Number of protein chains: 2
Amino acid sequence: MERLSADESWREDCAPRRVLELFATKWTSMVLHTLHARHAGCARTGVLQRSLPGISKKMLTQTLRDMEASGLLTRHVAGTVPPAVEYRLTPLGGRFVEPVEILYAWGRANADALDDLKPRPTSRR
Amino acid sequence: MERLSADESWREDCAPRRVLELFATKWTSMVLHTLHARHAGCARTGVLQRSLPGISKKMLTQTLRDMEASGLLTRHVAGTVPPAVEYRLTPLGGRFVEPVEILYAWGRANADALDDLKPRPTSRR
DNA sequence: CAGCATCCGGAATGATACTG
DNA sequence: CAGTATCATTCCGGATGCTG
C-alpha cells in the first residue's frame with residue numbers, strides 16, 4: 001500500500017483540518033443548514049432558536065459569534081427599541097452550505113445503517 | 001422566509017445528527033480518510049499512527065475502537081508473536097468516505113478564505 | 001428581544017509509563 | 001507491535017439570573 005496521492009495528508013493547521021474544527025462545535029453546522037434551508041440565508045436570533053430544538057440562548061449566541069469570527073455569516077443590528085439582530089450568510093458561508101447539505105443528505109440516505117449502531121444513548125460529548 | 005422544505009429539520013436523534021456526532025470526535029474523519037486515501041482501506045495500527053501527525057497511541061486506539069463500534073471498520077487480529085492488528089473499512093465506512101472526501105476537498109478549495117480568518121493560533125477546542 | 005456574566009459537571013484529549 | 005492504565009488539563013455546553 002502507501003499509494004501516497006497528491007497531498008492526501010493531514011498536516012496540522014492545514015485547510016481541511018480547519019474545516020473539521022468548524023464541525024467540532026456542536027451547533028455550527030446545524031445553524032448554517034437551518035439558516036440556509038429554512039430561512040433563505042437570513043434570520044433573526046429568536047427565529048433561529050425556535051428552528052433549533054434544544055439549543056440554549058447561550059449556545060446560539062456563542063455559536064453565531066464564532067461563526068461571524070470565522071467569516072461564515074455577518075451580524076446586522078437594526079433598531080434599538082427592541083433589539084433586532086439579523087444574521088446573514090456570507091459568500092463563504094454560502095459555499096459551506098454545500099458540504100453540510102451533503103452530510104445531511106448522507107445521513108438521511110444511510111439512516112438505516114446508522115440506526116443499527118444506535119445503542120449509544122449516553123453518547124459521546 | 002420560513003420556506004419549510006420537505007423535512008429539513010434537526011430533530012434530536014435524527015440520522016443527520018448522528019452523522020455529525022461522528023465528527024464530534026477529533027480524529028474519526030482523519031483516520032477514515034487516511035485509511036482510504038493512503039492505505040487502500042486497510043492498514044495496521046503503527047502505519048496509521050505514522051500517517052497521522054500528532055495522534056497519540058491512546059487516541060488512535062480509542063478512535064479505532066469507537067469506529068469499530070460504529071460499524072465503520074472491522075478489526076482483525078493476526079498472529080500473536082508480535083501482535084499484528086489490521087483495520088479494514090466496512091461497506092458503511094466505505095460509503096462514509098465520500099462525504100469526508102468532499103469536506104477535505106472543500107477545505108483545499110477554500111484554503112485562501114480559510115487562511116484569512118486564520119488569526120486564531122490558540123484556536124477553539 | 002438579544003446578549004452577557006457566572007457557576008459547574010462531565011466529556012474529550014493528551015502525556016507518560018507499563019504489560020504481554 | 002498493540003494496548004492499557006493513570007493522571008492532568010482543557011473546555012464544551014447547560015442552567016440561571018441580570019441588563020438595556
Side-chain angles (χ1 to χ4, degrees), chain A residues 1 10 12-13 17 20-31 35 39 42-70 73-88 120-125, chain B residues 1 10 12-13 17 20-31 35 39 42-70 73-88 120-125:
Chain A
M1 4 234 111
W10 286 98
E12 310 200 35
D13 195 62
R17 236 161 125 144
L20 290 184
E21 283 173 18
L22 294 178
F23 286 94
T25 309
K26 184 175 179 179
W27 300 99
T28 304
S29 49
M30 286 186 264
V31 167
L35 197 50
H39 307 290
C42 178
R44 292 178 50 178
T45 316
V47 179
L48 282 174
Q49 181 160 24
R50 259 167 270 124
S51 293
L52 292 165
I55 195 173
S56 67
K57 206 183 307 180
K58 172 191 172 182
M59 289 317 296
L60 178 57
T61 300
Q62 187 176 304
T63 302
L64 288 169
R65 293 305 178 90
D66 284 351
M67 293 174 70
E68 184 190 11
S70 296
L73 48 78
T74 54
R75 183 168 175 275
H76 297 286
V77 183
T80 38
V81 187
V85 184
E86 260 190 3
Y87 293 93
R88 189 182 301 271
R120 204 170 302 94
T122 321
S123 175
R124 68 203 70 280
R125 161 145 304 216
Chain B
M1 13 232 106
W10 287 98
E12 312 200 33
D13 194 62
R17 237 161 123 145
L20 290 183
E21 283 173 20
L22 294 178
F23 287 92
T25 309
K26 182 174 179 178
W27 300 99
T28 304
S29 50
M30 286 186 263
V31 167
L35 197 49
H39 307 290
C42 179
R44 292 177 49 176
T45 314
V47 179
L48 282 176
Q49 181 161 24
R50 260 169 269 123
S51 294
L52 293 166
I55 194 172
S56 68
K57 208 182 305 181
K58 174 190 170 183
M59 288 316 296
L60 178 58
T61 300
Q62 186 175 305
T63 301
L64 287 169
R65 292 307 178 87
D66 283 351
M67 292 175 72
E68 186 191 9
S70 297
L73 48 77
T74 54
R75 182 168 175 274
H76 297 285
V77 183
T80 40
V81 188
V85 183
E86 258 190 5
Y87 292 93
R88 189 180 300 269
R120 203 170 303 98
T122 320
S123 175
R124 70 202 70 280
R125 153 136 308 218

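All values derive from a computational prediction rather than experimental measurement.
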Proximity to the side chain of B:Thr25 - top-ranked nucleotide from C:dC1, C:dG3, C:dT13: C:dT13
Among A:His76, A:Arg75, A:Glu68, A:His39, side chain to side chain donor-acceptor pair (under 3.5 Å) partner for A:Tyr87: A:Arg75
Rounded distance (Å) that lies between atom P of D:dT9 and atom NZ of B:Lys58: 14 Å
Closest listed nucleotide, where the reference is the side chain of A:Tyr87 and the choices are C:dA2, D:dA2, C:dG3: C:dG3
Any B:Arg44 side-chain N or O less than 4.0 Å from OP1/OP2 of D:dC1: no
Between C1' of C:dT13 and CG of A:Leu20, the distance in whole Å: 16 Å
Under 3.5 Å donor-acceptor pair, A:Lys26 side-chain atoms to D:dG13 base atoms: no
Nearest-Å distance for atom pair CD/P, residues A:Glu21 and D:dC11: 12 Å
Length of the line joining A:Arg75:CZ and C:dC1:P, which is rounded to integer Å: 16 Å
Nearest heavy atoms of A:Glu12 and B:Pro53, plus distance in Å: OE2-O, 4.1 Å
Matching residue for B:Thr63 among B:Leu48, B:Leu52, B:Val31 - test: side-chain contact (heavy atoms from CB on, under 4.5 Å): B:Val31
Below 4.0 Å: OP1/OP2 of C:dC4 and any side-chain N or O of A:Thr61: no
Over all atoms of both residues, closest heavy-atom pair of A:Gln49 and A:Lys57: NE2-N, 3.4 Å
Along DNA chain D (nearest heavy atom to each residue), the more 5'-positioned of B:Leu64 and A:Lys57: B:Leu64
Whole-Å gap separating P (D:dA2) and CD (B:Gln49): 9 Å
Side-chain N or O of B:Ser56 closer than 4.0 Å to phosphate OP1/OP2 of C:dT13: no
Whole-Å gap separating P (D:dA15) and CE (A:Met59): 12 Å
Length of the CG-C1' vector between B:Leu60 and C:dT13, whole Å: 14 Å
Whole-Å distance separating the CG atom of A:Leu48 from the C1' atom of C:dG3: 15 Å
Atom of A:Glu86, atom of A:Cys42 and distance for their closest heavy-atom approach: OE1-SG, 3.4 Å
